[in-house]
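The structure under discussion appears below in the form of C-alpha cells.
Treat the numbers as computed from the prediction; the structure is a model and nothing was measured. Chain letters run A, B, ... following the sequence lines, proteins first, then strands; residues in each count from 1. All values below come from the heavy atoms of this structure, side chains included, with hydrogens, waters and symmetry mates left out.
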Amino acid sequence: MRQPPYHLRPNKAVDRLTLIEAIKYIINLGVSLSDYTYYTLGGPHLEDCRLIYEFYPEIKMVSVEEDEDIFKRQDFHLPCGTLDIRQGQFKSFLTEYDPKDEKSIFWLDYTRFEPGNFEDFMVLLGKAPPYSMIKVTMRAEPRDYFNKKWKVQEFQNRFGAYLPRPETRPPATGKDFAFLVQTMLRIASQKTLSSATPLTFQPISSFRYSDGTSMFSLTGIVRQRDQQDRVKEAFKRLQFSNLTWASPRLIDMPILSTKERLHLQRLLPCGHGAGAILRQSLGYLIDDDQESTEMKLQQYADFHRYYPYFMKATP
Amino acid sequence: MAETKSTKYEPVDASPVKSFFVHMLTRDIGLDEAILDLLDNCVDGILRSKQTDHEAKPYGGFRAEIKFDKDTFEISDNCGGIPWSLHDYAFKMGRPSDRPPDVLGSVGVYGIGMKRALFKLGMRSLISTQTADDAYEVDITREWINDEGQWRIPVHPARKSRTENGTTIVIGDLHDGVKKRFGEDRESFESDLETLVATHYAFIIDKGFEVRLNRRVIKPRPTKLVFDKKMRRGKRAGIQPFIFKTKTDGVEVFLAVGFTRPIPSQDEIEREQDEKKYSSLDAGWTVLCNDRAVLYCDRSELTGWGEAGIPRYHTQFIAISGIVEFKAEDPSKLPTTTTKRGIDASSTLYLQIKNKMREGMRIFTNYTNKWKARAEESRRQIEAAGPALSFHEIKAASERLEFNPTKQSVPKGDQFKPELPLPARPEPQTRRISFVKKVEEVKLVAEHLFEDPDVDPSVVGEKCFDLILSDAEAKR
C-alpha cells in the first residue's frame, strides 16, 4: 500500500511525538517503563518504533503487519534489535493477545474509518491490564459523507452501536467530526468497561489534524475506577492533556523553512499571544492574512517541540 | 416417626415481604426495561384520557419527558394523571385476579410494572399526579420500604398545581449500580436507552406521542416495508408485502412481512459478514402488543426463522422484515411475558399466528434465493416500487387490497398474498438430441466413421450431426 512520505505529513509527525511525550508521564504512576511492551501497526518505515527505541530503549516492541510486502519493508527498516515484527492479521493477533499482568502501550493506527476500529478497541480494552496506554488514530473526514444522502444512512447503520443518538448524522466540519469520533470511542469504552467492572478508560490527550485527510487521534490509559485522582495527577503537567473528554485539540503546523524555524526558536516559548509575537518578529505573512498567519504561528509555538526537522540528506 | 410432641400446628404466615418486591422481582428486568415500564404507565394515562380524533395520530399532543443524572431520575407526562379511584390498583403490589383491567388496551396485566420499576431505580420515590378531579402525591421512602409491618403508603394533597393533568415521578436515593449507569456510563446508557425507545416505542411515537430524553426529542425508528405503488391501485403483481389479518377471542391481529430495502449484492453480504450485525439491525420480526413493541427485529426461531422449512437467518435475508400487531382491550389475552418485553412462546394464539408469519416469510426467502444471482436487477425492481411505508400506512393502504379468506389456517382470517416477479428463464443455448437405432446399424455407421464398430453410440450420433452441420453451414 502506498503511504505519503513523512515530510508531507508534518501534523502526523507531531501527533506521533505527543505519544512519545505522554509515555514519559507513565512513570509518575510509580511504574517502570521496562515493564511495558509497545504494540503497533507500524507501517513500512516503523517510525514510531524508531522513536520509542530512541527515547525509551527499555520498552519491548512488537509490530503486527498483514501485508506481505510492507512486512518485508519493515524487516528492511528494522530500527533496532529489540523490535519483534510479526506478519499476520491484527484481529487474529488481538484474539491471541494475552498480556496477563504485563502492561502494554498500543497504537491502533488506522487509515480508514470503520466499525472494525471500534471493535478492536473494545477487544483490547477487555484485555489490557491497568495502566496500559492505548492510542487510537483513525480517519475522521467529513467529505466522505458530504452531500451523499445514502452514505448518511450507511453511516447510521454501520456505526449505530457507537453513536450518541440513533439518528446522529456525520458532522460537516472536521472539528465536529473529530469530537463525534471521540464520543463514539467513549461510548465503546463504556460498553466494554461498564461501571460494573473495576476498570475504566481515562483519556489523556486527543488531537485532530489533516495532512490532506482529516484524522482523529485519542490517547488514554486503562485504570482502576478508584485511581482517577492518581492518574489525573500523573498526567496533569502533560502539555495539551485532555483528561475530561473535552474537544480534541487541533494540530495544524505551518510549513516553515529551517531558517525561519531557527529564527523563531529564539523567541520560544513566549506565552500568551505567541502568534502575534512571532508574526511581528518575522515581519511578513506566511498565510492568507494576519489572522490566519497568527493562528499558524500560534500552532508552531504550541507544538514546535514536537515538530521534526525534515532535512535533505545524501544516503 | 419421632416421639409425638405437644406442638400445636397453626396456619403459617404466607404473607409477602417487601424485600421480595424490592430485591427479587427487580432482578427480572434490566434498568432500561424498568424505564420502559414507566413509559408504559404514561401511555396507559393516554388510554384513560380522551385521545384525539386524528386517526393517524391518536396520541398527538401527549408527551413524556425523561431526565436523569447520577443522583436523580425523573419522568413526567401530560397524559391525564392517575385518578384517585384507581389508587388501590396503581399502588398495590400486584393485581387481584378478579379485578377487570382498569385501562382498556394497556399491556399491564399483573399490576407490578410501575412499582417494580421504582424499586429497580432507587429507595425514594415521589409520585405527583393530577387529574381533572384529583391532585395528590405518594411518597415512598427508604424507611417505608424497610418497615416490613407497614403496607400503607402515605398520600398527601399535591403541593403544587400543574398546568396540565399528568404525573411526575422523581426517584432519588438511587441504587449504587443505577448511579454508576447514570454517571460513569452515561453516554453509552443514554445512547442505548434512546435506541430502545426509538425502536420499541416507534409505533406510538409515529402516532403522535412525544418522548424526550434529557431534553432531546426522540425520533422513532419504525420498520417500513416496500409497498409497490401499482399495488396500491389494486394490482397484485409487484414488490408488495404479504398481509394476514384476523380477530379471535378478543384479539385483533394484523401481520405484514416484506422487504424493507433491495436484497443485498454478494459484495454487501461479504462485507456484512465481516462487519457482523450492523446493517442487519432492521431485519427480522417486530411484534407489537397494544402498540408497544415487545420484540424488535428478532431473527431467531422464536419468530419462525430456521424452523419448519424456513432457512435460518443469514445476511442474504437482510432485506426481509415483518411486523405482527396484537390488539386487545383485555391485556391478559396478549401473548406477552410478565416483563412485557418478550413473547410468550407457548401462547396458543402466538403459535397459530407464527404459522402465518412463516408462510409470509417463505415468499420473501424464496424471492431472495431466486434473485440473489441477479441482485442488481432485483434492486431496480424494488427501488422502482417507491418509498417504503410505515406500519400504519400499510394498514391504511391495505384497505384497497383484495383479501382472500383463509380456509385451512387456524384462526381463520383474510390474507393478501403478493405475486412477486420471477426472474425470466434464460433462453437455452443448447438442446439435447436423442434417438434409438438398431444395434447393427449403429455398428455399421461407427465402422464407417471411425473404423471401429465399438465406438460409444453417443459419439457416433454426435459425429453424424457434426458432419451434416458442417455441410449445412457450407451451403448457407
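Atom CG of A/Asp101 has 12 or fewer heavy atoms from other residues, nucleotides or ligands within 6.0 Å. Heavy-atom contacts from other residues, nucleotides or ligands closer than 6.0 Å to NZ of B/Lys179 number more than 12. The 12-atom threshold is exceeded at NZ of A/Lys232, counting heavy atoms of other residues, nucleotides or ligands nearer than 6.0 Å.
Results of the side-chain contact (heavy atoms from CB on, under 4.5 Å) test with A/Pro166 over B/Leu196, B/Thr195, B/Val197, B/Thr199 single out B/Thr195 as the only residue that passes.
Going from atom CD of A/Glu167 over to atom CZ of B/Arg216 covers 8.0 Å, rounded to the nearest 0.5 Å. A/Ser195 contributes atom OG, which lies 3.5 Å from atom CG of B/Asp185 (distance to the nearest 0.5 angstrom). To the nearest 0.5 Å, atom NZ of residue B/Lys180 and atom OG of residue A/Ser194 are 9.0 Å apart.
Listed options B/Glu194, B/Arg186, B/Glu184 were ranked by heavy-atom pairs under 4.5 angstrom with chain A; first place goes to B/Glu194.
The two residues B/Asp192 and A/Lys191 have their closest heavy-atom pair at OD1-NZ, 2.6 Å. Considering every non-hydrogen atom in both A/Leu163 and B/Ser191, the closest pair reads O-OG, 2.7 Å. Across all non-hydrogen atoms, the minimal contact from A/Arg165 to B/Val217 is NH2-O, 2.7 Å.
With B/Glu187 contributing its side chain and A/Gln190 its backbone, the two residues share no donor-acceptor pair below 3.5 Å.
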